[in-house]
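The sequence lines fix the lettering, A, B, ..., with proteins before strands; numbering per chain opens at 1. All heavy atoms count here, side chains included; hydrogens, waters and symmetry mates do not.
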2 protein chains.
Amino acid sequence: MSSPSPKFELFTRFAEVGKALGNPHRLVILELLAQRERNVDDLASAARLSVANASQHLRLMRKVGLLVSRRNGAQILYRVSDPAVLDLVAALHRVGERNVAEVREIVGGYFRRRDALEPVSRQELSRRMRDGLVTVLDVRPEDEFDAGHLPQAINAPLRELEKQLRDLPKDRDVVAYCRGPYCVFAFEAVALLRQHGFSARRLEDGFPEWKAAGLPVA
Amino acid sequence: MSSPSPKFELFTRFAEVGKALGNPHRLVILELLAQRERNVDDLASAARLSVANASQHLRLMRKVGLLVSRRNGAQILYRVSDPAVLDLVAALHRVGERNVAEVREIVGGYFRRRDALEPVSRQELSRRMRDGLVTVLDVRPEDEFDAGHLPQAINAPLRELEKQLRDLPKDRDVVAYCRGPYCVFAFEAVALLRQHGFSARRLEDGFPEWKAAGLPVA
DNA sequence: AAACTATTAAACATAATTATTGAATGGGAT
DNA sequence: ATCCCATTCAATAATTATGTTTAATAGTTT
């Protein structure tokens with residue numbers, strides 16, 4: 001303990017990154033920033049935090065290298081520093097899922113239906129888009145859609161989806177996606193579409209994963 | 001805050017996994033367990049922790065699904081629950097490395113030399129092993145070697161390496177590996193080998209990564 | 001059965017994290 | 001220059017993590 005080894009110092013640094021992932025609010029912020037860069041005020045309200053609190057979480061994540069920031073006029077915009085961070089978060093979700101069986105018991109909501117809604121893989125969607133057999137629906141808010149989306153995707157934020165239903169062709173399958181694998185918008189959208197007689201499924205994950213996989217974006 | 005959303009509950013669970021990665025002692029334990037399963041007493045002394053403290057760290061990691069345990073006679077053996085955990089730790093290291101530039105300044109030791117020692121990739125080593133052009137040296141302790149190692153590898157724990165030098169062919173390149181990318185044994189081994197006129201390099205990471213990549217093990 | 005061993009749990013002191021308040025900073029705008 | 005705004009800092013209280021010490025547990029061995 002007197003003189004910690006170089007390796008232990010290094011692992012201490014790694015542990016700081018781990019700690020930064022150790023708070024649900026920060027994971028929510030990370031998911032939001034995976035869509036597009038945002039300022040503090042914006043993030044605070046989206047994550048339902050006070051501005052000062054959000055600022056602290058952001059400072060911590062920037063300190064350990066998860067985020068970077070830039071100034072734009074009066075505001076400071078944060079974004080995820082590197083695609084490796086998205087990989088890290090995805091790996092965390094994958095390991096965390098093991099314990100989700102337990103969570104399912106607790107929340108008994110969206111994620112129980114998860115398997116029933118047969119997610120579509122990126123590969124499959126990619127292929128079916130090429131064949132022109134599918135309507136792709138982006139159910140994220142408009143601003144996130146504008147910052148980048150799947151080619152051919154139609155933006156239909158959840159609260160406006162019902163109005164847009166009449167414009168969707170009924171003879172084609174619909175695939176809905178949103179922010180990521182645990183984003184509830186896509187679940188809700190699929191449920192609503194099915195209620196109205198559509199053949200609907202959701203993408204297994206969201207826009208950031210699609211982009212990170214090197215697939216084309218608009 | 002009154003009724004947290006299902007997604008927030010889920011992210012809370014994921015954050016618990018993050019928290020479990022948020023302590024350097026636990027990361028050390030994880031690296032040890034990536035080599036082979038071990039009991040508490042063993043881990044405690046290898047990680048320089050009290051038994052009770054090690055037990056607590058282990059309990060926490062088991063609780064969040066990073067580890068599993070089984071009883072064998074009088075002792076309880078822990079192991080990493082799943083290859084996905086190794087992926088997660090690898091992703092954490094990758095992101096943490098960004099800040100290593102800063103760490104390098106602090107520790108100014110092994111990891112500064114890191115780039116100079118030109119690591120060999122798994123692919124390259126695999127190819128050169130197939131062509132029979134290379135001596136592969138496993139510099140981990142004997143027990144870890146016995147639990148699994150690269151095919152054709154020779155076990156030469158660091159403190160015995162000097163004695164074994166005379167038995168190594170001088171006309172072939174040597175590649176040394178140990179526990180993982182931050183295991184110092186391989187750095188030391190390469191330095192020693194070069195001092196004695198060998199053409200030596202180290203594998204970019206260690207045995208667990210080799211095994212996780214689906215490459216053959218003995 | 002008792003004695004033994006390896007491991008875990010409980011209780012505690014110390015230290016770190018979290019979220020809140022209110023004040024301070026530091027660029028733009030007027 | 002002064003004002004205004006977004007953001008950060010500082011101080012606080014509540015909560016949670018860490019690592020000791022001591023006691024309990026649950027199998028093994030005798």
Side-chain angles (χ1 to χ4, degrees), chain A residues 1-2 4 8-9 11-30 32-33 36-64 66-79 143, chain B residues 1-2 4 8-9 11-30 32-33 37-64 66-79:
Chain A
M1 304 297 157
S2 51
F8 191 79
E9 294 247 345
F11 275 37
T12 301
R13 201 52 62 113
F14 294 164
E16 283 168 10
V17 180
K19 250 180 225 160
L21 298 174
N23 177 290
H25 293 301
R26 285 195 290 268
L27 295 180
V28 169
I29 290 174
L30 274 176
L32 289 166
L33 290 178
R36 64 178 182 86
E37 64 179 2
R38 303 179 90 130
N39 64 28
V40 180
D41 196 64
D42 190 10
L43 283 168
S45 60
R48 301 166 158 280
L49 295 170
S50 72
V51 172
N53 192 198
S55 174
Q56 288 195 70
H57 285 307
L58 290 166
R59 190 177 54 79
L60 174 62
M61 289 195 280
R62 187 178 52 193
K63 177 163 154 263
V64 304
L66 291 171
L67 304 180
V68 293
S69 62
R70 71 181 179 92
R71 176 174 284 277
N72 178 21
Q75 39 198 359
I76 297 201
L77 297 175
Y78 283 86
R79 65 175 186 280
D143 55 343
Chain B
M1 306 295 158
S2 50
F8 191 79
E9 295 248 343
F11 275 38
T12 301
R13 202 49 64 112
F14 295 164
E16 282 169 10
V17 180
K19 254 181 223 160
L21 298 173
N23 177 291
H25 292 301
R26 285 196 289 268
L27 294 181
V28 169
I29 290 174
L30 274 176
L32 290 165
L33 290 179
E37 63 179 1
R38 302 179 91 131
N39 64 30
V40 180
D41 197 64
D42 191 9
L43 283 168
S45 59
R48 300 163 160 281
L49 295 170
S50 73
V51 171
N53 191 198
S55 174
Q56 286 194 70
H57 285 308
L58 290 166
R59 189 177 57 79
L60 175 62
M61 288 195 282
R62 187 178 52 194
K63 179 165 153 263
V64 304
L66 291 171
L67 305 179
V68 293
S69 63
R70 72 182 178 92
R71 175 172 286 276
N72 178 22
Q75 40 199 4
I76 297 205
L77 298 174
Y78 284 86
R79 66 176 186 281

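- Contact check, N23(A) against dT18(C): a side-chain N or O comes under 4.0 Å of OP1 or OP2.
- Nearest nucleotide to the side chain of V40(A), out of dT8(D), dT7(C), dA19(C): dT8(D).
- Here the straight-line distance linking atom CG of L33(A) with atom CG of L58(A) works out to 7.0 Å at 0.5 Å rounding.
- In this structure, the nucleotide among dT28(D), dT18(C), dT7(C) sitting nearest to the side chain of I76(B) is dT7(C).
- N72(A) has its CG atom 12 Å from the C1' atom of dA6(D), to the nearest Å.
- Taking atom CE of M61(A) as the reference point, atom P of dT18(C) lies 11 Å away to the nearest angstrom.
- Considering only the side chain of Q56(B), dT20(D) comes nearest among dT20(D), dT7(C), dT7(D).
- With rounding to the nearest 0.5 Å, the separation of CG in L30(A) from CE in M61(A) is 4.5 Å.
- Although no hydrogens or angles enter the test, the distance criterion places a donor-acceptor pair under 3.5 Å between the side chain of T12(A) and the main chain of F8(A).
- The separation between D41(B) atom CG and dT28(D) atom P is 17 Å, rounded to whole Å.
- The residue among V51(A) and K19(A) whose nearest nucleotide of DNA chain D lies closer to the 5′ end is V51(A).
- Listed nucleotides dT21(D), dT7(D), dT8(D) differ in distance to A52(B); the shortest reach to its side chain belongs to dT21(D).
- Under the 3.5 Å distance criterion, the side-chain polar atoms of R71(B) are matched with a main-chain donor or acceptor of G73(B).
- For the side-chain hydrogen bond (donor to acceptor under 3.5 Å, both in side chains) with S69(A), the qualifying choice from E37(A), R59(A), R62(A) is R62(A), the only one to do so.
- Regarding L43(B), its CG atom lies at a distance of 15 Å from the C1' atom of dT8(C), rounded to whole Å.
- A sub-4.0 Å separation between OP1 or OP2 of dA17(D) and a side-chain N or O of H57(B) is absent.
- Atom CD in E16(B) sits roughly 15 Å away from atom C1' in dT15(D) (whole-Å rounding).
- If you measure from atom CD of Q75(B) to atom C1' of dT8(C), you get 15 Å, rounded to the nearest angstrom.
- Between the CZ atom of R62(A) and the P atom of dT7(D) there is a distance of 12 Å, rounded to whole Å.
- Summary of the strand contacts: N53(A) and R71(A) both lie near DNA chain C, and taking for each the nucleotide with the nearest heavy atom, the more 5' one is attributed to N53(A).
- A close approach under 4.0 Å does occur between a side-chain nitrogen or oxygen of S50(A) and OP1 or OP2 of dT20(C).
- Side-chain nitrogen and oxygen atoms of R59(B) include none within less than 4.0 Å of the OP1 or OP2 phosphate oxygen of dT7(C).
- Of the listed nucleotides (dT8(C), dA6(D), dT18(C)), dT18(C) has the atom at the smallest distance from the side chain of R26(A).
- Y78(A) has no side-chain polar atom (N or O) that falls below the 4.0 Å cut-off from OP1 or OP2 of dA6(D).
- Within the structure, a side-chain polar atom (N or O) of H25(A) is placed less than 4.0 Å from OP1 or OP2 of dA19(C).
- dA6(D) atom P lies 18 Å from atom CG of L49(A), rounded to whole Å.
- The main-chain N or O of K19(B) is found under 3.5 Å from a side-chain atom of R26(B) such that the two form a donor-acceptor pair.
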